[in-house]
Amino acid sequence: MKKSIIVTGRLGDPLKETLAQHFELIEHSGPLDPTQQDVLDILSKAHGIIGSGLPITPELLDAAPALEVISTISVGYDSIPVDELTKRGIMLCNTPDVLTETTADTGFALVMASARRVTELAEWVKAGNWKASLGPDHFGNDVHGKTLGMIGFGRIGQAVARRGALGFGMSILYSNASPKPEREAELGAKRCELNELLEKADFVCVTVPLTAETKHLIGADEFARMKSSGIFINIARGKVVDESALIDALEKGTIKAAGLDVFEQEPLPATSPLLNMTNVVALPHIGSATHETRQAMAQRAVDNIRLALQGKPPINLVNEDVRQ
């Protein structure tokens with residue numbers, strides 16, 4: 001008898017066909033709400049779940065006694081209780097590596113767009129306001145030769161720093177739990193405490209994961225330490241930043257500008273003050289949103305769940321302890 005996999009959200013037909021060769025697929029487009037009888041029925045026989053944006057609760061897990069693996073089509077898994085999965089012997093797989101370069105592209109695009117006021121001035125031109133030569137009121141700031149401070153220096157943080165150091169001659173500071181001597185040698189990067197980074201960097205870019213320790217890691221005190229000419233970039237998770245403190249810092253001129261791909265509430269409410277600020281570049285969480293990368297992420301998630309349910313080590317296992 002084939003094991004069953006619940007497929008949530010979008011998964012291309014070729015990938016579904018790959019899974020269907022080995023497993024029974026149960027496609028479900030809505031939320032996995034265990035209080036709904038139809039969901040309860042499919043959870044009761046599921047051995048695996050694959051999809052993105054999966055909010056996993058203890059109640060859902062109680063309704064899925066045969067569950068062996070959850071394969072999320074993302075690198076982040078802050079909505080999934082990892083310890084609870086491990087306690088129940090359920091594997092959690094994610095998709096790092098395949099989205100590193102694409103997300104770093106997005107981060108550096110925000111650096112460039114914020115410094116050179118790309119979005120603001122593009123809209124200014126479209127509005128028919130370009131009627132004479134530009135003056136200082138419309139000038140931006142250079143990126144090359146400046147100091148880039150990376151809060152978090154994992155795969156994505158290092159990839160952003162590589163673009164800055166090797167492409168734009170930027171000096172790199174990084175704040176990270178562990179030193180990265182190989183990147184220090186390659187990029188001339190310097191590890192320092194967070195406060196020093198905030199005070200010295202022209203661009204501050206956040207790439208840490210969201211955990212209990214990093215929630216609101218950046219708030220009013222941190223923005224106060226930045227240069228008034230400083231530009232803040234967030235491609236991590238919205239809740240890493242106290243958004244009200246960020247809004248206040250932008251309104252008061254504590255910092256100059258911000259480039260944001262993530263927010264505390266997503267989608268960003270139409271009432272958010274951020275949407276009315278010309279010194280903010282706001283993107284709809286597009287970090288990995290390219291055709292090539294989303295396909296690679298889906299493929300990795302499929303490979304992970306297939307291997308896990310066949311009793312083989314998945315490529316990316318978050319909770320290694322579960323295999324013990």
Side-chain angles (χ1 to χ4, degrees), residues 75 95-122 134 138-176 178-192 194 196-209 218 226-227 229-237 240-241 255-262 279-297:
V75 64
T95 61
D97 305 320
V98 295
L99 53 70
T100 296
E101 298 300 332
T102 298
T103 306
D105 284 349
T106 302
F108 211 81
L110 285 169
V111 169
M112 294 293 295
S114 300
R116 298 304 304 270
R117 301 170 63 179
V118 170
T119 303
E120 174 193 355
L121 294 178
L134 297 185
H138 296 101
F139 291 172
N141 291 96
D142 282 337
V143 174
H144 64 271
K146 296 294 182 68
T147 297
L148 174 61
M150 299 302 308
I151 301 176
F153 211 52
R155 296 180 184 90
I156 294 172
Q158 292 174 40
V160 174
R162 186 176 297 110
R163 285 157 174 74
L166 303 183
F168 290 80
M170 301 181 84
S171 299
I172 306 298
L173 300 176
Y174 74 97
S175 171
N176 196 66
S178 59
K180 302 292 182 181
E182 66 282 3
R183 297 290 84 79
E184 293 177 12
E186 177 192 5
L187 307 176
K190 175 188 174 185
R191 183 177 178 228
C192 61
L194 177 59
E196 180 184 352
L197 182 152
L198 293 167
E199 292 165 2
K200 292 183 176 180
D202 299 298
F203 298 86
V204 173
C205 182
V206 182
T207 62
V208 296
I218 307 299
M226 287 179 60
K227 297 178 180 181
S229 59
I231 294 176
F232 180 75
I233 308 294
N234 188 9
I235 56 171
R237 286 289 186 268
V240 171
V241 178
I255 63 173
K256 183 168 187 177
L260 310 170
D261 189 39
V262 291
N279 58 342
V280 172
V281 179
L283 299 178
H285 203 150
I286 65 166
S288 63
T290 67
H291 293 292
E292 298 90 342
T293 294
R294 289 294 173 88
Q295 174 64 25
M297 291 168 66

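Values reported hereafter were calculated over all heavy atoms of this structure, with side chains retained and with hydrogens, waters and symmetry mates removed.
- Pairs passing the salt bridge (Lys or Arg N to Asp or Glu O under 4.0 Å) check and including a residue from residues 144-160, sequence neighbours excluded, read Asp97-Arg155.
- The side-chain hydrogen bond (donor to acceptor under 3.5 Å, both in side chains) test applied to Thr293 returns Thr102, Thr290, not counting sequence neighbours.
- Applying the side-chain hydrogen bond (donor to acceptor under 3.5 Å, both in side chains) rule to Lys256 yields the partners Asn141; only residues at least two apart in sequence or on another chain are considered.
- Taking CG of Leu283 as the start and OG1 of Thr119 as the end, the distance is 7.0 Å to the nearest 0.5 Å.
- Residues passing the side-chain hydrogen bond (donor to acceptor under 3.5 Å, both in side chains) test with Ser288, sequence neighbours excluded: Arg294.
- Counting heavy-atom neighbours within 6.0 Å of Arg117 CZ, excluding the residue itself, gives a total above 12.
- Residues Val240 and Val262 are not in side-chain contact: their nearest non-hydrogen atoms beyond the backbone lie 4.5 Å or more apart.
- When every heavy atom of Thr95 is checked against every heavy atom of Met297, the shortest pair comes out as CG2-O, 3.4 Å.
- Ser229 pairs by the side-chain hydrogen bond (donor to acceptor under 3.5 Å, both in side chains) definition with nothing, not counting sequence neighbours.
- Rounded to the nearest 0.5 Å, atoms CG (Leu173) and CD1 (Ile151) are 10.5 Å apart.
- Sorted by first then second residue, the side chain to side chain donor-acceptor pair (under 3.5 Å) pairs that include residues 165-175, not counting sequence neighbours, are Tyr174-Glu184.
- In this structure, the side chains of Phe232 and Val241 come closer than 4.5 Å at one or more pairs of heavy atoms.
- Applying the side chain to side chain contact (heavy atoms under 4.5 Å, CB included) rule to Val75 yields the partners Asn94, Pro96, Leu99; only residues at least two apart in sequence or on another chain are considered.
- For the atom pair Ile235 CD1 and Thr103 OG1, the distance stands at 6.5 Å (nearest 0.5 Å).
- Remark: Gln158 CD to Ile172 CD1 distance equals 11.5 Å, nearest 0.5 Å.
- Listed here is the closest heavy atom pair of Gly154 and Asn176: N-OD1, 4.4 Å.
- To the nearest 0.5 Å, atoms CD1 (Ile231) and CG (Leu148) are separated by 11.0 Å.
- For the atom pair CG of Asp261 and CG of Leu110, the computed distance is 6.0 Å after rounding to the nearest 0.5 Å.
- Residue pairs meeting the salt bridge (Lys or Arg N to Asp or Glu O under 4.0 Å) criterion with at least one member in residues 99-108, sequence neighbours excluded, are Glu101-Arg163, Asp105-Arg163.
- Looking at residues two or more places apart in sequence or on another chain, you find no salt bridge (Lys or Arg N to Asp or Glu O under 4.0 Å) involving Arg191.
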List, one per line, each side-chain donor-acceptor pair under 3.5 Å for residues 197-209, sequence neighbours excluded.
| residue | atom | partner | partner atom | Å |
| --- | --- | --- | --- | --- |
| Glu199 | OE2 | Arg225 | NH1 | 2.6 |
| Lys200 | NZ | Glu196 | OE2 | 2.8 |
| Asp202 | OD1 | Lys227 | NZ | 2.9 |
| Asp202 | OD2 | Thr147 | N | 2.8 |
| Thr207 | OG1 | Gly152 | O | 3.0 |

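- Side-chain contact between Glu120 and Asn279 is absent, with no heavy-atom pair separated by less than 4.5 Å.
- Here Ala113 pairs with Val118, Val281 under the side chain to side chain contact (heavy atoms under 4.5 Å, CB included) rule; sequence neighbours left out.
- For the side chain to side chain contact (heavy atoms under 4.5 Å, CB included) test, residues two or more places apart in sequence or in another chain that qualify with Leu166 are Arg162, Glu186, Leu187.
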